[in-house]
Undergrad: 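Structure incoming, see below.
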There are 2 protein chains.
Amino acid sequence: MNPVAYSRGVRHDDEEPVGADALDRVSWALRQADWAVQGLKEQRLRSLGMAAAHYALLICIHFDPGLTGAELARRLNVTPQAVASLVARLEGRGQLERRPHPRHRHVQELHLTDAGREALREADALVVEVERQATEKLGPEGTALLTALLRQVTEAAREA
Amino acid sequence: MNPVAYSRGVRHDDEEPVGADALDRVSWALRQADWAVQGLKEQRLRSLGMAAAHYALLICIHFDPGLTGAELARRLNVTPQAVASLVARLEGRGQLERRPHPRHRHVQELHLTDAGREALREADALVVEVERQATEKLGPEGTALLTALLRQVTEAAREA
DNA sequence: TGTTAACTGTCAAGCGCTTGATATGAATCC
DNA sequence: GGATTCATATCAAGCGCTTGACAGTTAACA
């Protein structure tokens, strides 16, 4: 640990390669917060033998049953192949099932099984607890404010 | 898109597997914001032939010259092997150099070369622009508030 | 002084994801 | 109706990272 390792003296024209506040930027704080929260989530879910990626996939299908693999890939920010791999594993566990699409013959709908719903219920209880611990100090209004700010950042970054 | 795909009727004892607000949680908003910002960063840095991971590594060493690989791994949230791989590549480009540690013979210090500093300077200009675009709508006080909230979440998640 | 403990760095193997390419089905345009 | 375009799913190869294991170095301790 050496917070003042870089000597900040008088500024010449372009002597300073990067701003001195580079480690205090929003994107860095964002990254660390996501690491901390997702890491905690992963750790807690491990007691159920479930990865955080599996939880995210299941909950997406829970709210939008019949979702297609490609659409799921977009929401989870991964490639369709990665989704296919996850789906195959979850299907093997009997938590997920693939049904033929009513209109498109080549497309497959994804649906939760009863076992999948039960696993999701247990997992969500743990995730809710993680969420509670993470936002404990912020209070309800602080949490709502944080969420709103994050949405603005997301929107701004997406349309840039 | 089917926002109301899940029918929310009267609640029985434990009929609802997960809370209806699951997709509005902070951790999900956090994840999407990070995806959006980091993705934009990656996209912009690609014009310089630099990956976001390389930028993060270089800027860490910039502020703490002589950093060790293991310490760097902790800060970047990856394994020491992953750092070694990145370092090898950056060293091959002449942007980084490994010097013997003054006290520990087996340990190697990491330092930026002049080329590394120049590459970092160019990259940081792009990152600053990304940061500006992402926080444009928030204003200075909104940005500061967001950063403070994120730090609280990080701290809470880490100590849980 | 020898021993233990802690930390660093590296090798090997495996896994998950990505990029690239291909095939199928469906909708649109002429 | 046939050709074009688009979207989904899947196969193959490659890459980056992780887990697990091991060796070298230093400091703390009895």
Side-chain angles (χ1 to χ4, degrees), chain A residues 1-2 31 34-35 38-39 41-43 45-46 49-58 60-61 64-93 96-111, chain B residues 1-2 31 34-35 38-39 41-43 45-46 49-58 60-61 64-93 96-111:
Chain A
M1 314 288 182
N2 190 0
R31 198 123 230 264
D34 197 42
W35 283 343
Q38 297 298 329
K41 221 187 265 191
E42 198 91 42
Q43 175 188 335
L45 287 176
R46 195 164 302 156
M50 182 183 291
H54 296 160
Y55 166 79
L57 196 155
L58 290 177
C60 278
I61 297 180
D64 277 309
L67 220 51
T68 176
E71 175 61 25
L72 205 42
R74 283 187 286 268
R75 300 196 186 184
L76 297 178
N77 204 34
V78 293
T79 58
Q81 292 88 331
V83 169
S85 175
L86 292 172
V87 165
R89 183 166 307 188
L90 292 172
E91 191 183 20
R93 292 187 192 173
L96 205 64
E97 64 176 1
R98 298 191 289 183
R99 303 180 192 164
H101 194 285
R103 299 180 57 88
H104 302 262
R105 199 173 343 213
H106 189 239
V107 180
Q108 292 167 348
E109 285 188 341
L110 297 173
H111 291 270
Chain B
M1 310 291 183
N2 189 1
R31 197 128 231 254
D34 197 41
W35 283 342
Q38 296 299 328
K41 221 187 261 190
E42 198 91 41
Q43 176 188 333
L45 287 177
R46 195 164 301 157
M50 183 183 290
H54 296 160
Y55 166 79
L57 196 155
L58 290 178
C60 277
I61 297 180
D64 278 309
L67 220 51
T68 175
E71 176 61 25
L72 205 42
R74 283 186 285 267
R75 300 195 187 185
L76 297 178
N77 204 33
V78 293
T79 58
Q81 292 88 333
V83 168
S85 175
L86 292 173
V87 165
R89 183 166 307 189
L90 292 171
E91 191 183 21
R93 292 188 193 173
L96 207 64
E97 63 176 1
R98 297 191 290 184
R99 303 180 193 164
H101 194 286
R103 299 181 57 89
H104 302 261
R105 196 169 350 204
H106 189 238
V107 180
Q108 292 167 346
E109 285 187 341
L110 297 173
H111 291 268

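In what follows, every heavy atom counts, from backbone to side chain, and hydrogens, waters and symmetry copies are set aside. Chain A is the first sequence line, chain B the second, and so forth, proteins listed ahead of strands; every chain is numbered from 1.
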Undergrad: For the SG atom of A:Cys60 and the CG atom of A:Leu76, what is their distance to the nearest 0.5 Å?
TA: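 Reported to 0.5 Å precision, the distance equals 4.5 Å.
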Undergrad: Hey, could you give me the CG/NE2 distance between B:Leu110 and B:His101, rounded to the nearest 0.5 Å?
TA: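 The NE2 atom of B:His101 is 10.5 Å from CG of B:Leu110, to the nearest 0.5 Å.
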Undergrad: Counting only side-chain nitrogens and oxygens, does B:Thr79 get under 4.0 Å of the OP1 or OP2 atom of D:dT19?
TA: no
Undergrad: If you pin B:Ala84 and A:Asn77 to their nearest nucleotides in DNA chain C, which one's is more 5'?
TA: B:Ala84
Undergrad: Using atom types as modelled and distance alone, determine if a side-chain donor or acceptor of B:Glu42 lies under 3.5 Å from a backbone N or O of B:Ala52.
TA: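 Indeed, once roles are kept as given, a pair shorter than 3.5 Å links the two residues.
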Undergrad: When we call it a touch if two heavy atoms are under 4.0 Å apart, what does A:Gln81 touch: a base, just sugar-phosphate, or nothing?
TA: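 Since a base atom lies under 4.0 Å of A:Gln81, the category is base.
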Undergrad: A:Gln108 pairs by side-chain contact (heavy atoms from CB on, under 4.5 Å) with which of A:Glu97, A:Arg98, A:Arg99?
TA: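 Going through A:Glu97, A:Arg98, A:Arg99 one by one, the side-chain contact (heavy atoms from CB on, under 4.5 Å) with A:Gln108 is satisfied by A:Arg98 alone.
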Undergrad: What distance do A:Leu96 atom CG and A:Leu90 atom CG have between them, rounded to the nearest 0.5 Å?
TA: 5.5 Å
Undergrad: Can you list the steps and then say if A:Leu67 with A:Arg75 is a side chain to side chain contact (heavy atoms under 4.5 Å, CB included)?
TA: CA-CA 11 Å; A:Leu67 220 51; A:Arg75 300 196 186 184; 3.8 Å; yes
Undergrad: Quick check for you: to the nearest 0.5 Å, what is the distance between A:Glu71 atom CD and A:Glu109 atom CD?
TA: 13.0 Å
Undergrad: Which nucleotide of DNA chain C is the first, and which the last, in the 5' to 3' direction, to come under 4.0 Å of a heavy atom belonging to chain A?
TA: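 The footprint of chain A covers C:dG16 to C:dA27.
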Undergrad: Using a heavy-atom distance cut-off of less than 4.0 Å, which residues of residues 98-107 of chain A contact DNA chain D?
TA: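 Here the set is A:Arg98, A:His106, A:Val107.
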Undergrad: Could you tell me the separation between the CG atom of A:Leu67 and the C1' atom of D:dA9, rounded to a whole number of Å?
TA: 15 Å
Undergrad: Before you tell me yes or no, could you show the steps for A:Val78 and A:Leu86 under side chain to side chain contact (heavy atoms under 4.5 Å, CB included), namely the whole-Å CA-CA distance, both residues' side-chain angles and the distance that decides it to 0.1 Å?
TA: CA-CA 11 Å; A:Val78 293; A:Leu86 292 172; 5.6 Å; no
